[in-house]
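Following: one structure in structure tokens, then a few remarks.
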Amino acid sequence: MSAGAVLAQGLGFFALRLGRVLLVVLAVLVGTFLLLRLAPGDPALSMASAAGLDDPAYVEQLRRDMGLDRPLGVQLVDYLGGLAQGDLGYSQRNQAPVWPLIAERLPATLLLLLAALLLSSVAGIALGVLAAWSRQHGGWLDRLISLGVLLLFATPTFWLALLLVMLFSVALGWLPAFGMETVGAGLSGWPYLLDVGRHLLLPALSLSFVFLAVYVQLARAAMLEAFSQEFVRSARAKGASEARVLLRHVLRNALLPVTTYVGLQLGQLASASLLVEVVYAWPGIGRLLYESLEARDYPLLLGVFLVISLLVLLGNLLGELLCYLLDPRLAVVGERA
């Protein structure tokens, strides 16, 4: 297949997936909107109670200001119309538009997600390759690594986060336990980056450990399967070194299932980051979601759900594109399916 044909096929592959992403985002928005509106409780009453003002007239005025007195269908149409113009709504609780509130917290969440993704994927693939190589040569490392990742997979994220805080922050005092930076330090440049890195390390480790276990198992299984293929035996018969067989032939073919999970993991990381951000007081959108849920701030909740949905779906799209780059034949298989 020529380079032009591969490029055209790749663009068609991307356009098809992108169209599906937009349809899923629309379905998620409509479903979330209806679920929030049909859930028990009155946001206006909750906001008035938090302010110590339970006057019925004040509550009714709040309901009108928030648009809750209109029919549900009208509220949905108005919300989707505003969304089409780039308006995510207005947060009455914070007295500010929704998008600036999310945009302020989004970089912190993306930093946490990318750090956890990098840690889990690199370490997981390395340990999976090491376990598979040990299994091929009858070593004991395979059993040790498999036992370790099984324990990690069975450990709840929030409990692991608390253990890390107790060990590295309370007992040893090596790393800060809360926040994203040292408050009042006034740092800039490299000292500021190092300070953020110290605050980032524990949350990223907590978030990456469970997914590290999955990466190890995927990489190990894929490597063992690739080792048994005919092209590996042919490469060895031609005199290729063990390192060349491992890196050139086995690892590239074994990366496909692992790469697919990279995209899926981004969505799971976005969901799991809620607990980690609450435990470590990390100023991201996961903590913002928790705060808006407590206050029943519907516009802010919908905005956060929209951003998380986009992260999940774009992560899936990224995983599919990476798989296509590794093996363009997958696009043909996907189109036929």
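Small disclaimer: the values here were computed from a predicted structure and weren't measured.
Considering only heavy atoms from C-beta on, Leu289 comes within 4.5 Å of Phe305 through its side chain. Taking the side chain as every heavy atom from C-beta outward, Tyr90 and Pro299 never approach each other to under 4.5 Å. Looking only at side-chain heavy atoms (C-beta outward), Leu119 and Leu212 stay at 4.5 Å or farther from each other.
Put simply, Val307 and Leu26 are part of the same group of oily side chains (I, L, V, M, F, W, Y) that touch within less than 4.5 Å, one to the next. Cluster membership check: Leu194 does not share its hydrophobic cluster with Tyr192, using side-chain heavy-atom separations under 4.5 Å among Ile, Leu, Val, Met, Phe, Trp and Tyr. Tyr215 and Leu151 end up in different hydrophobic clusters when Ile, Leu, Val, Met, Phe, Trp and Tyr side chains are linked at under 4.5 Å. A chain of hydrophobic side-chain contacts below 4.5 Å, direct or via other Ile, Leu, Val, Met, Phe, Trp or Tyr residues, connects Leu167 to Leu201. Linking ILVMFWY residues whenever their side-chain heavy atoms come closer than 4.5 Å, directly or via other members, places Met180 and Trp174 in the same cluster.
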If you apply the rule side chain to side chain contact (heavy atoms under 4.5 Å, CB included), what do you find for Leu205 with Leu160, and how did you get there? CA-CA 9 Å; Leu205 282 174; Leu160 184 60; over 6 Å; no
What's the verdict on side chain to side chain contact (heavy atoms under 4.5 Å, CB included) for Trp282 and Leu200, showing C-alpha distance, side-chain angles and the deciding distance? CA-CA 9 Å; Trp282 187 261; Leu200 175 65; 3.8 Å; yes
Could you go step by step and tell me if Val30 and Leu34 meet the side chain to side chain contact (heavy atoms under 4.5 Å, CB included) rule? CA-CA 6 Å; Val30 173; Leu34 295 177; 4.1 Å; yes
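The two residues Ser208 and Ala116 come nearest to each other via the heavy atoms CB-O, 3.4 Å. Of all heavy-atom pairs between Leu88 and Tyr79, the closest is O-CE1, 4.0 Å. Smallest separation of non-hydrogen atoms from Gly89 and Asp87: N-OD1, 3.0 Å. Counting all heavy atoms, side chain and backbone alike, Arg287 lies closest to Ala281 at NH1-CA, 3.9 Å.
Every salt bridge (Lys or Arg N to Asp or Glu O under 4.0 Å) that Asp78 has, sequence neighbours left out, goes to Arg70. With sequence neighbours excluded, the residues that form a side-chain contact (heavy atoms from CB on, under 4.5 Å) with Leu193 are Trp190. Legend: residues meeting side chain to side chain donor-acceptor pair (under 3.5 Å) with Ser206, ordered by chain and number and at least two apart, are Tyr280.
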What donor-acceptor contacts under 3.5 angstrom involve side-chain atoms of residues 96-108, with partners at least two apart or in another chain?
residue : atom : partner : partner atom : Å
Arg105  : NH1  : Gly284  : O            : 3.3
Arg105  : NH2  : Glu291  : OE1          : 3.3

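Distance check: Leu302 CG to Ser292 OG gives 9.5 Å after rounding to the nearest 0.5 Å. Atom CG of Leu175 sits about 4.5 Å away from atom CG of Leu202, to the nearest 0.5 Å. Note that OG of Ser91 is 5.0 Å distant from CG of Leu300, once rounded to the nearest 0.5 Å. Separating the CG atom in Leu306 from the CG atom in Leu301 is a distance of 12.5 Å, to the nearest 0.5 Å. A distance of 8.5 Å separates CD in Glu277 from CG in Leu207, rounded to the nearest 0.5 Å.
In this structure, Thr109 contributes its side chain and Ile285 its backbone to a donor-acceptor pair below 3.5 Å.
For the salt bridge (charged side-chain N to carboxylate O under 4.0 Å, His left out) condition, no pair includes a residue of residues 195-216, sequence neighbours left out. Note on residues 152-177: no pairs pass salt bridge (charged side-chain N to carboxylate O under 4.0 Å, His left out), not counting sequence neighbours.
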